[in-house]
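Naming convention: chains lettered A, B, ... in sequence-line order (proteins, then strands); numbering from 1 in each chain. The structure displayed is predicted, hence computed values, not measured ones. Hydrogens, waters and symmetry mates play no part in the numbers below; they use all other heavy atoms, side chains included.
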Protein chains: 2
Amino acid sequence: MDQNAPETNDIPDVVVRRLPIYARTLDYLLTEGKSSVSSQELGERINVTAAQIRKDLSWFGEFGKQGIGYDVEKLLGHINRILGLTVNWPVVLVGLVYLGQAIARYAGFREKGLHIVALFDADPTKAGTILNGLPIQGDEEIPRTVATHGVKLAIVAVPATKAQEVVDQLIAAGVRGILNYAPIIVQAPEGVWVRHIDPVSLLHSMTYYLAREQAT
Amino acid sequence: MDQNAPETNDIPDVVVRRLPIYARTLDYLLTEGKSSVSSQELGERINVTAAQIRKDLSWFGEFGKQGIGYDVEKLLGHINRILGLTVNWPVVLVGLVYLGQAIARYAGFREKGLHIVALFDADPTKAGTILNGLPIQGDEEIPRTVATHGVKLAIVAVPATKAQEVVDQLIAAGVRGILNYAPIIVQAPEGVWVRHIDPVSLLHSMTYYLAREQAT
DNA sequence: ATGTGTGAATTACTTCACAGCG
DNA sequence: CGCTGTGAAGTAATTCACACAT
């Protein structure tokens, strides 16, 4: 439902999905001046058991010191390397109505190795407009631009009705990972990863519990 | 890491999280004019096995007809009832920089029973500004407004450094479910649900696989 | 003492496979 | 037949608990 995990034996996807959270938290610990952290302490910050953190990390090596814990900076470096974040990743963004514009302006991507290098929107009246330093291009430019930048990652923030079409174009152009904000599960072939962001579904999964309580 | 699931024995949270996706897809099927659907067909749209859908639904009752499948409209009604979506849920939104503004303007919440009833931002120069028909209030108004509307759900789109503080205020005011867009895992007491949206982490979980391939 | 790394045990989730109904 | 609902079987993920290193 969420992603198509092609033959990536070895490490479970749940583990991979937790690594970025560990990295983010180590980053915060670093800015707080902490140089060392135990799995216990790290776990408390993110509601994960200490054992889980240790087991997750053990898939990749031995990064801790018995009796001490983990060196924050070193562990962060290890995780960043594991996630392929020693290089910057060019990313394209498709769909520039409100949400897309907000994404284009968000500094958090660039700070974390994700550089938005091109913006696309199907609306021809937007073409040429500069947004956060980048010109908006028409969707027909996707193939050329994706190819010239060697872009592997895309963010899709178009209406649900257009999402599959845009995703197909992106994949045809060479994109291999897609972050989809449209409220629809898009299909992708083997070898392409897709992650969905669906705030309405997340809220609905909470109304389930809240509705239940009121009845009690 | 993602949510604190207090004593909600019975139905697994993974199941609850899939229900909104089923509902959304049934909705699309309905607009496409389909009146009946099999678990197989529904599953193909969202990359879930037919058995999983049947098992998930069986937690709540028997909604299908052997040899036929499910009546789209009826099943949608059942799921909406299960999710507590027979009523509208008032929601407040805190944080109105770019992302928050985009959220405030997004029509998709209201269409799905989630009515944004109040907007808050800590920036006093924003106070009083009308956004999408609602006045922006200062954070100090949170307790009164949340109480008068009986708000149980909140969306948080403030910077990471402010997120925990805002969440604490919201919970103190009576909020029981929080959708957090800030890139930090916020803490909440038993009985409060939290869901996180973290695009950077999702992208990083894909760079992991992409980096691996290039090496191959 | 303290806290990691890890097999073993446990718990949770998914898929199988088929009886039974329309 | 065709497709649901569901126990049973099979996988996967998490937690336990402890040997061992500092």
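- Following rounding to the nearest Å, B/Glu41 (CD) and D/dT4 (C1') show an atom-to-atom distance of 15 Å.
- Within the 4.5 Å cutoff, the side chain of A/Ile184 has no heavy atoms near those of the B/Arg45 side chain.
- Taking for each of A/Ala51 and B/Gly61 the nucleotide of DNA chain D with the nearest heavy atom, the 5'-most of the two is the partner of B/Gly61.
- For the pair A/Phe63 CZ and C/dT6 P, the computed distance is 11 Å after rounding to whole Å.
- For A/Thr49, no side-chain nitrogen or oxygen approaches OP1 or OP2 of D/dT14 to under 4.0 Å.
- If you take CG of A/Leu57 and C1' of C/dT6, they are 13 Å apart, rounded to a whole angstrom.
- Phosphate proximity of C/dG5 to A/Arg54: absent, as no side-chain N or O sits under 4.0 Å from OP1 or OP2.
- When atom types are taken as modelled, the side chain of B/Thr145 and the backbone of B/Ile142 share no donor-acceptor pair closer than 3.5 angstrom.
- Side-chain contact check for B/Gln52 versus B/Arg18: some heavy-atom pair is nearer than 4.5 Å.
- Regarding B/Trp59, its CH2 atom lies at a distance of 18 Å from the C1' atom of D/dT4, rounded to whole Å.
- One finds no side-chain N or O of B/Ser39 lying less than 4.0 angstrom from the OP1 or OP2 phosphate oxygen of D/dC3.
- Look at B/Arg18 and you'll find a side-chain N or O under 4.0 angstrom from OP1 or OP2 of C/dT14.
- Atom-to-atom, CG of B/Leu75 to C1' of D/dT4 comes out at 12 Å; the value is rounded to the nearest Å.
- Comparing A/Gly67 and A/Glu62 along DNA chain C, the residue whose closest nucleotide (by nearest heavy atom) sits nearer the 5' end is A/Gly67.
- Residue A/Tyr70 has a polar side-chain atom (N or O) positioned under 4.0 Å from OP1 or OP2 of C/dG5.
- In this entry the distance linking CG of A/Asp13 with P of D/dT11 reads 19 Å, nearest Å.
- Residue A/Gln52 places at least one side-chain N or O under 4.0 Å from the OP1 or OP2 atom of D/dT14.
- When the C1' atom of C/dA19 is taken as reference, atom CD of B/Gln66 falls 10 Å away, rounded to whole Å.
- One atom, CG of B/Asp56, and another, P of D/dT6, lie 13 Å apart when rounded to the nearest Å.
- Looking at B/Asp71, its side chain never comes within 3.5 Å of a backbone N or O of B/Leu75 through a donor-acceptor pair.
- Of the candidates D/dA13, D/dT6, C/dG20, D/dA13 carries the atom nearest the A/Val14 side chain, counting heavy atoms from C-beta on.
- Taking the ring centre of A/Tyr208 as origin, the terminal cationic atom of A/Arg212 falls inside the region bounded by 6.0 Å and 45° from the ring axis.
- On a pure distance criterion of 3.5 Å, a polar donor-acceptor pair joins the side chain of B/Lys55 and the base of D/dG7.
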